[in-house]
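The block underneath contains the structure these notes are about, expressed in structure tokens.
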Amino acid sequence: MEAIMSEHEGPLLRYAARILGNSGMAGDAVEEVFIRFFRNRDWRVDVARGEASIWLYRTVHEIAAGRICSDRVTARGVPKAYSSQQRPAEKAMEAIRGLDLHEQQVIVLKVFEHKSNFEISRITGISETMVAASLSLYIMKVATELKKAGLL
Amino acid sequence: MNDNKTDGQSRPEKRLMKCEDIQPLLFDYMSRELGEGRTAAVREHIRKCKSCQALAKDIQATLDLLHTASRAERKSAEHLTDSRRKKIIRAFTHPLISWVEKHILLATVIATVIVISIIASFMGYLVEKRGAPLIGDPVTVRILIPGQTNHYPETNRVDSAGR
């Protein structure tokens, strides 16, 4: 159990923090995902098949999405106003948080977690072709926001 | 030229020359995840099409920014705290305790209801025990007849067996 947690905690915490925009809530989400994983699943089979990561990412996203829907932790769909002191990288992150949850999921998994289109397809439940097309579309959305902010 | 020989996909991909066919492939093209045939088709299209060229440039610039953000975030090592780790392990080894900790209010209500119902049934048992005659105790039977005095001789007393 310790080995599984050590292997996945970092990426899952970063992923949840990016989606939730809050490291404390990310910790809660990751704690819950591990509890669900060890308690409700035949987790040893998943680990043996190499599918633990896919299950963990999918579930942590569901938990994070549930938290967002119930708590409204961040303003969704409306990017915050960019302050002049913000660094370009932070502005780019903010533009990502302005996307829908599904769009964020695909971008974060690809750009930050370096998942393959196949892995993203397994996690999100959409086809590989759709993943590829979605990535182009969503990154163009981010680019449009960054253009508006005068970064591109 | 060599592509046509090495990549079986290259011939049909050459036909994907419209912008709407190319744009969904741009991300994979910029990330170098396209097959050789498709890469050649996209490269060829971008060389000729100014708008797709501009889009590709924007995508590359956006990806550069996001990668910078990613590197900055990775500097902060993220681990679960010890208390969270203990909680997770306890949830697996002692699921009931973990559930009670998580749903403390509900657990309190359930425990209160159980305690109240135990006390109530015990009290009920005590009342029933005190009110009912014990087996073997003598029972006084009074027969009231109009016009007679309210005096009854001791012989009217019978025990619970009817003697």
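Just so it is clear, the model here is predicted, and its values are computed rather than measured. Worth knowing before you read on, the calculation uses all heavy atoms, side chains too, and leaves out hydrogens, waters and symmetry mates.
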From CA spacing to verdict: side chain to side chain contact (heavy atoms under 4.5 Å, CB included), A:Phe37, A:Val33: CA-CA 6 Å; A:Phe37 183 72; A:Val33 79; 5.7 Å; no
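- Considering only heavy atoms from C-beta on, A:Ser136 stays 4.5 Å or farther from B:Tyr29 through its side chain.
- Contacts between B:Leu65 and chain A at a heavy-atom distance below 4.5 Å involve backbone atoms as well as side-chain atoms.
- Side-chain N or O atoms of A:Asn22 include one that pairs as donor or acceptor with a backbone N or O of A:Gly24 at under 3.5 Å.
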Evaluation steps, salt bridge (charged side-chain N to carboxylate O under 4.0 Å, His left out), between B:Glu33 and A:Lys110: CA-CA 12 Å; B:Glu33 287 184 43; A:Lys110 186 69 185 182; 2.8 Å; yes
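- Listed options A:Glu2, A:Met140, A:Met5, A:Glu9 were ranked by heavy-atom pairs under 4.5 angstrom with chain B; first place goes to A:Glu9.
- For chain B, the option among A:Gly27, A:Ala132, A:Gly10 with the highest count of heavy-atom pairs below 4.5 Å is A:Gly27.
- Contacts with chain A were tallied for B:Leu34, B:Leu80, B:Ile59, B:Leu63; B:Leu80 has the most, counting heavy-atom pairs under 4.5 Å.
- Using a 4.5 Å cut-off between heavy atoms, A:Leu137 does not touch chain B at all.
- Using a 4.5 Å cut-off between heavy atoms, A:Ser6 contacts chain B through both its backbone and its side chain.
- Checked for salt-bridge contact, A:Lys91 and A:Glu145 miss the test: no charged N lies under 4.0 Å from a carboxylate O.
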